[in-house]
Amino acid sequence: MESRWKILSQFAFPNIQTDLSLLLVDDDSIRELNRVRRSKDYSTDVLSFPLSFDLIPWELPPTKKKSFGPILSLGEIVISWDTCKAQAKTIGHSEEDEFFRLFVHGFLHLIGYDHERGEEDEALMKEKEDLCLDLVLGP
């Protein structure tokens, strides 16, 4: 996990130390988080709570340098392990591959990408997901 996170982190933020929180929870817990934090009363596979980027996505791959201080805390990713396992079985790939698919999806939300803003943003996020998944899982 750590080596794949380093690959993704260094790709997105070269020469910047980054940090995030990752929680693996069950369906009941993610449903409660979704209800309390987003007013949506249902379980989901992944939630992200960004600290630094929200409306304007960070460019991938980056073309500009920006100073963030000694460490850049990106926020929190919450993954339902119950849903991760079920989706892996349904899709037909490993739980590890599904975990990283959800992790990358959450990571992109942390750095400002959001498929729920419209078709154009959805296509852009899909493009960046594919790029990041190739980095952490291989083409």
Side-chain angles (χ1 to χ4, degrees):
M1 166 67 189
E2 188 173 330
S3 64
R4 293 181 189 199
W5 161 239
K6 282 185 179 182
I7 290 168
L8 188 58
S9 176
Q10 283 304 300
F11 168 70
F13 300 97
N15 304 313
I16 297 171
Q17 184 178 351
T18 57
D19 185 46
L20 60 79
S21 294
L22 173 65
L23 298 172
L24 296 178
V25 300
D26 60 22
D27 280 344
D28 290 339
S29 297
I30 207 163
R31 179 181 182 166
E32 182 66 7
L33 280 169
N34 205 19
R35 186 185 66 74
V36 169
R37 306 261 311 258
R38 300 178 66 229
S39 299
K40 297 183 179 195
D41 191 16
Y42 53 84
S43 64
T44 188
D45 51 4
V46 61
L47 293 171
S48 298
F49 303 104
L51 290 177
S52 301
F53 303 93
D54 196 15
L55 297 177
I56 301 171
W58 183 246
E59 188 174 349
L60 290 178
T63 58
K64 59 185 174 189
K65 291 186 179 192
K66 185 173 179 182
S67 176
F68 294 103
I71 190 165
L72 173 61
S73 186
L74 298 173
E76 179 177 79
I77 298 172
V78 183
I79 295 174
S80 169
W81 186 243
D82 295 338
T83 301
C84 179
K85 291 187 296 185
Q87 287 179 175
K89 186 175 181 179
T90 300
I91 294 167
H93 59 215
S94 71
E95 291 174 0
E96 181 180 16
D97 284 356
E98 182 63 10
F99 168 81
F100 280 106
R101 190 186 69 78
L102 296 175
F103 182 82
V104 163
H105 186 89
F107 172 77
L108 289 171
H109 276 297
L110 290 184
I111 63 172
Y113 292 89
D114 192 346
H115 54 90
E116 296 180 3
R117 288 190 197 130
E119 289 180 19
E120 197 173 301
D121 287 333
E122 184 177 4
L124 178 61
M125 187 163 175
K126 173 71 172 116
E127 174 189 321
K128 299 306 178 183
E129 270 184 335
D130 291 345
L131 175 67
C132 291
L133 284 170
D134 282 348
L135 286 170
V136 297
L137 296 178

With S43, which residues qualify under side chain to side chain donor-acceptor pair (under 3.5 Å), at least two apart? none
Nearest 0.5 angstrom please: D121 CG to Y113 OH, how far? 10.0 Å
Closest non-hydrogen atom pair, S48 against P50: O-CD, 3.6 Å
Transitive ILVMFWY side-chain link I111 to L131, under 4.5 Å: yes
Residues which pass side chain to side chain donor-acceptor pair (under 3.5 Å) with N15, listed by chain and number, not counting sequence neighbours: none
For Q87, which residues count as a side chain to side chain donor-acceptor pair (under 3.5 Å) partner, sequence neighbours excluded? D45, E98
Partner set under salt bridge (Lys or Arg N to Asp or Glu O under 4.0 Å) for E76, not counting sequence neighbours: R37
Checking L22 now: which residues fulfil side-chain contact (heavy atoms from CB on, under 4.5 Å) with it, not counting sequence neighbours? M1, L20, I77, I79, F99, F103
Sequence neighbours left out, what passes side-chain contact (heavy atoms from CB on, under 4.5 Å) with Q17? Give chain and number order. I71
Once rounded to the nearest 0.5 Å, what's the spacing between atom CG of L108 and atom NZ of K128? 9.0 Å
Distance, nearest 0.5 Å, that separates CG of L23 from CH2 of W81: 14.5 Å
Within this structure, what is the CG-CD distance for the pair L124 and E129, rounded to the nearest 0.5 Å? 10.5 Å
When you compare the side chain of H109 with that of H115, does any pair of heavy atoms fall below 4.5 Å? yes
Expected output: side-chain T90 to main-chain A86 donor-acceptor under 3.5 Å: yes
By salt bridge (Lys or Arg N to Asp or Glu O under 4.0 Å), E122 pairs with (sequence neighbours left out) none
Compare all side-chain heavy atoms of V78 with those of I30 and state whether any distance is below 4.5 angstrom. yes
Tell me, do Y42 and R35 make a side-chain contact under 4.5 Å, heavy atoms counted? no
For E127, give me all partners under salt bridge (Lys or Arg N to Asp or Glu O under 4.0 Å), at least two apart in sequence or on another chain. none
Close side-chain approach of L72 and F13, heavy atoms under 4.5 Å: yes
Output every pair passing salt bridge (charged side-chain N to carboxylate O under 4.0 Å, His left out) with a member in residues 4-19, not counting sequence neighbours, ordered by first then second residue. E2-K6, R4-E96
Value for OG (S9) from CG (L74), rounded to nearest 0.5 Å, stands at 7.0 Å
When you compare the side chain of L8 with that of V136, does any pair of heavy atoms fall below 4.5 Å? yes
When clusters are formed by joining ILVMFWY residues with side-chain heavy atoms under 4.5 Å apart, either directly or through shared neighbours, do F100 and I7 land in the same one? yes
Worked check of side chain to side chain contact (heavy atoms under 4.5 Å, CB included) between T44 and T83: CA-CA 7 Å; T44 188; T83 301; over 6 Å; no
Kindly write out the residues that satisfy side-chain contact (heavy atoms from CB on, under 4.5 Å) with D97, not counting sequence neighbours, or none if the list is empty. H93, S94, L137
Show your reasoning for whether salt bridge (charged side-chain N to carboxylate O under 4.0 Å, His left out) applies to R38 and E116. CA-CA 14 Å; R38 300 178 66 229; E116 296 180 3; 3.8 Å; yes
Interatomic distance, NZ@K40 vs CG@L47, rounded to 0.5 Å, equals 10.0 Å
List the residues meeting salt bridge (Lys or Arg N to Asp or Glu O under 4.0 Å) with K126, not counting sequence neighbours, and say none if there are none. D130
Got a sec, which residues hit side-chain contact (heavy atoms from CB on, under 4.5 Å) with D82, two or more places apart in sequence or on another chain? D26, D27, S80
Answer with yes or no whether the hydrophobic clustering places L24 together with W5; edges join I, L, V, M, F, W, Y residues whose side-chain heavy atoms lie under 4.5 Å apart. yes
